[in-house]
Chemist: 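For reference, the structure I am asking about is given below.
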Number of protein chains: 2
Amino acid sequence: MAIVDDMVCFSLYSASRATTRAYTELLAPWQLTYTQYLVLVSLWTEGDKPVREIGEMLQLDSGTLSPLLRRLEQKGFIERRRDGQDSRVVNVSLTPAGTSLRKDLAHIPAQIACGTGLPDMESAKALLATLHRITTSMQGIPAPEQPSRK
Amino acid sequence: MAIVDDMVCFSLYSASRATTRAYTELLAPWQLTYTQYLVLVSLWTEGDKPVREIGEMLQLDSGTLSPLLRRLEQKGFIERRRDGQDSRVVNVSLTPAGTSLRKDLAHIPAQIACGTGLPDMESAKALLATLHRITTSMQGIPAPEQPSRK
DNA sequence: AATATTTAAGTTGTGCACAATTGAATTGTG
DNA sequence: CACAATTCAATTGTGCACAACTTAAATATT
């Protein structure tokens with residue numbers, strides 16, 4: 001890595017992958033992926049919702065969500081049903097199995113928190129703020145002008 | 001997101017994806033992906049090296065690198081040649097086109113640095129340290145004991 | 001009402017990331 | 001030397017992440 005800017009991005013990328021691997025390990029007994037877990041967390045905490053709202057929350061489009069939700073449905077954790085009012089909308093709801101999974105996975109956040117190696121809540125909040133700033137700030141990058149192709 | 005531990009991980013995941021998207025945008029004129037760019041950076045700064053060393057540096061296995069290097073080779077930026085001494089090893093070297101690409105992409109780190117929204121070098125270094133700690137600390141998660149399958 | 005625009009979800013295709021396996025070459029050991 | 005174990009890269013298969021496109025339905029406009 002040459003320059004600090006690249007290093008920050010690479011460290012971000014490495015830390016993110018290491019975290020995903022840790023979740024994958026912890027979720028392995030349930031055959032769940034990290035992204036599938038995120039969908040379940042959003043349903044547990046905010047209740048049933050349409051695909052669009054899940055996508056807004058996790059910043060994922062239907063190209064990612066459609067097959068992912070199909071797999072979660074096949075596992076029996078969620079159900080998908082077309083909305084009666086607006087049949088473009090697909091409402092996603094937890095099954096009893098999906099709901100009860102919440103208790104079974106309740107040990108995971110603590111193990112992950114331990115895995116971060118962050119000393120206290122203060123540093124966690126500071127990191128959170130920094131990461132949010134990066135995320136929103138990075139959205140601004142997309143090509144303001146035509147980059148010179150050489 | 002329910003709990004701060006999940007939030008930290010999700011923020012990490014979001015920031016990493018936002019960063020990758022920014023690189024993708026900047027690299028689009030050259031049809032390069034972020035990971036391909038990382039491989040080129042490692043070759044530019046450290047010179048030609050075997051596949052194994054690239055994998056150690058970026059923490060990627062041959063399942064990721066083999067097809068990626070094939071694509072970089074097809075684009076004409078690198079060459080792969082079996083080592084004369086040890087023919088298990090594949091040495092990766094930059095072509096003239098791959099070498100000269102370094103100048104063409106020299107503007108990218110500054111744009112990304114701007115995109116991070118980090119105010120100064122101090123905060124960048126602090127973030128770097130935090131991310132490194134998370135990365136190494138997360139490696140320790142993998143199943144110390146058998147998780148109860150319920 | 002007829003047409004155009006917008007919106008929601010799904011599909012297709014590319015490229016990682018990673019687990020698991022394969023195959024060939026090298027090294028280690030008896 | 002023989003053969004077991006290890007190493008390196010590639011291959012296969014799964015599941016995101018995302019761009020581009022399709023289809024159907026709802027809304028807006030004339």
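Only heavy atoms go into these numbers, but all of them, side chains included; no hydrogens, no water, no symmetry mates. Here the structure is a predicted model, which means the values were calculated and not measured. Here is the naming used below: chain letters follow the sequence lines, and residue numbers restart at 1 for every chain.
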Chemist: Over all strands shown, is Leu65(A) touching base, sugar-phosphate only, or nothing at heavy-atom distances under 4.0 angstrom?
Modeler: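 Contact class for Leu65(A): none.
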Chemist: Ignoring hydrogens and geometry, is there a side-chain-to-backbone donor-acceptor pair from Thr99(A) to Thr95(A) under 3.5 Å?
Modeler: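 Yes, Thr99(A) side chain to Thr95(A) backbone: donor-acceptor pair under 3.5 Å.
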Chemist: Does Gln31(A) reach a base, just sugar-phosphate, or nothing at all? Heavy atoms under 4.0 Å.
Modeler: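 Nothing: the residue Gln31(A), judged by heavy atoms under 4.0 Å, touches no strand.
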Chemist: What nucleotide, of dA10(D), dG15(C), dA8(C), holds the atom closest to the side chain of Gln36(B)?
Modeler: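 The listed nucleotide nearest to Gln36(B)'s side chain is dG15(C).
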Chemist: If you find the nucleotide of DNA chain D closest to Leu60(A) and the one closest to Gly84(A), which residue's nucleotide is nearer the 5' end?
Modeler: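 The 5'-side residue here is Leu60(A).
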Chemist: Where the side chain of Asp86(B) is defined as all heavy atoms beyond and including C-beta, which of dC18(D), dT26(C), dA17(C) is the nearest nucleotide?
Modeler: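 Taking heavy atoms from C-beta onward, the closest nucleotide is dT26(C).
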Chemist: If each of Pro67(B) and Val51(A) is mapped to the nucleotide of DNA chain C with the nearest heavy atom, which maps nearer the 5' terminus, i.e. the 5' end?
Modeler: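 First, find each residue's nearest nucleotide; the 5'-ward one identifies Val51(A).
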Chemist: Which of these nucleotides, dG15(D), dG10(C), dA17(C), is closest to any side-chain atom of Val90(A)?
Modeler: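 In terms of side-chain proximity for Val90(A), the closest of dG15(D), dG10(C), dA17(C) is dG10(C).
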Chemist: Just name whichever nucleotide pairs with dG13(C), Watson-Crick or G-U, keeping both distances under 3.5 Å, else none.
Modeler: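 Pair assignment: dG13(C) / dC18(D).
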Chemist: Whole-Å distance between dG15(D) P and Leu68(A) CG?
Modeler: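 The answer, rounded to whole Å, is 10 Å.
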Chemist: For Thr116(A) and Ile134(B), indicate whether the former's side chain and the latter's backbone hold a donor-acceptor pair under 3.5 Å.
Modeler: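 No.
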Chemist: Where the side chain of Arg88(B) is defined as all heavy atoms beyond and including C-beta, which of dA17(C), dT7(D), dA17(D) is the nearest nucleotide?
Modeler: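 Output: dT7(D).
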Chemist: Taking only the side-chain heavy atoms of Asp61(A) (C-beta and beyond), determine which of dA26(D), dC18(D), dA19(C) contains the nearest atom.
Modeler: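 The answer is dC18(D), which lies nearest to the side chain.
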Chemist: Classify the ring geometry of Tyr34(A) against Tyr13(B): parallel below 30°, tilted from 30° to 60°, perpendicular beyond 60°.
Modeler: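 Because their plane-to-plane angle is over 60°, the rings of Tyr34(A) and Tyr13(B) count as perpendicular.
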Chemist: Once the angle between the rings of Tyr37(B) and Tyr23(B) is folded into 0 to 90°, is it parallel (under 30°), tilted (30 to 60°) or perpendicular (over 60°)?
Modeler: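 Rings of Tyr37(B) and Tyr23(B): tilted, as their planes differ by 30° to 60°.
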Chemist: Taking OP1 and OP2 of dA17(D), is either one under 4.0 Å from a side-chain nitrogen or oxygen of Thr64(A)?
Modeler: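 Answer no for this pair, as no side-chain N or O of Thr64(A) is under 4.0 Å from OP1 or OP2.
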Chemist: Which sits closer to the 5' end of DNA chain C, Thr20(A) or Glu53(A), going by the nucleotide each is nearest to?
Modeler: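 Closest to the 5' end, via its nearest nucleotide, is Glu53(A).
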Chemist: Using atom types as modelled and distance alone, determine if a side-chain donor or acceptor of Thr136(A) lies under 3.5 Å from a backbone N or O of Arg133(A).
Modeler: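 Side chain of Thr136(A) to backbone of Arg133(A): a pair is present.
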Chemist: Any side-chain heavy atom of Glu53(A) sitting closer than 4.5 Å to one from Met57(A)?
Modeler: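 No, too far: nothing below the 4.5 Å cut-off.
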Chemist: Tell me: CG of Leu40(B) to C1' of dC16(C), nearest whole Å?
Modeler: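 Spelled out: CG on Leu40(B) to C1' on dC16(C) is 15 Å.
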Chemist: Considering only side-chain heavy atoms of Ser62(A), which listed nucleotide, dT11(C), dC18(C), dC18(D), is closest?
Modeler: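 Closest nucleotide among those given: dT11(C).
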Chemist: Is any side-chain nitrogen or oxygen of Arg52(A) closer than 4.0 Å to OP1 or OP2 of dA8(C)?
Modeler: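 So the side chain of Arg52(A) is within the cut-off, an N or O lying under 4.0 Å from OP1 or OP2 of dA8(C).
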Chemist: So if I take every side-chain heavy atom of Arg82(B) and compare against dA17(D), dA10(D), dG10(C), which nucleotide ends up nearest?
Modeler: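 Out of dA17(D), dA10(D), dG10(C), the nucleotide with an atom closest to Arg82(B)'s side chain is dA10(D).
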Chemist: For the pair made of CG in Asp83(A) and P in dG10(C), what is the distance, rounded to whole Å?
Modeler: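 In whole Å, dG10(C) P lies 13 Å from Asp83(A) CG.
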Chemist: Between dA17(C) and Thr35(B), is there an OP1 or OP2 to side-chain N/O distance shorter than 4.0 Å?
Modeler: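 Indeed, a polar side-chain atom of Thr35(B) lies that close.
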Chemist: Compare side-chain N and O positions of Ser87(B) against OP1 and OP2 of dT26(C) and report whether any pair is under 4.0 Å apart.
Modeler: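 For dT26(C), OP1/OP2 do have a side-chain N/O of Ser87(B) under 4.0 Å.
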Chemist: Distance check: side-chain N/O of Arg71(A) vs OP1/OP2 of dC16(D), anything under 4.0 Å?
Modeler: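 For dC16(D), OP1/OP2 do have a side-chain N/O of Arg71(A) under 4.0 Å.
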Chemist: Select base, sugar-phosphate, or nothing to describe what Arg80(A) touches, counting heavy atoms under 4.0 Å on all strands.
Modeler: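 Counting heavy atoms under 4.0 Å across all strands, the contact made by Arg80(A) is with sugar-phosphate only.
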Chemist: Scan Pro50(B) against the nucleic acid and name what it touches under 4.0 Å (heavy atoms): base, sugar-phosphate only, or nothing.
Modeler: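 Sugar-phosphate only.
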Chemist: Please determine whether a side-chain nitrogen or oxygen atom of Tyr13(B) lies at a distance below 4.0 Å from atom OP1 or OP2 of dA17(D).
Modeler: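 Tyr13(B) to dA17(D) OP1/OP2: side-chain N or O found under 4.0 Å.
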Chemist: Side chain of Arg21(B) only, please: which of dA9(C), dC18(D), dC16(D) is the nearest?
Modeler: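 The answer is dC18(D), which lies nearest to the side chain.
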Chemist: Provide, to the nearest angstrom, the distance between the CG atom belonging to Leu27(A) and the P atom belonging to dT14(D).
Modeler: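 Whole-Å distance recorded here is 20 Å.
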Chemist: Applying a 4.0 Å non-hydrogen cut-off, can you work out what Ser66(A) is touching in the nucleic acid: base, sugar-phosphate, or nothing?
Modeler: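 Base contact.
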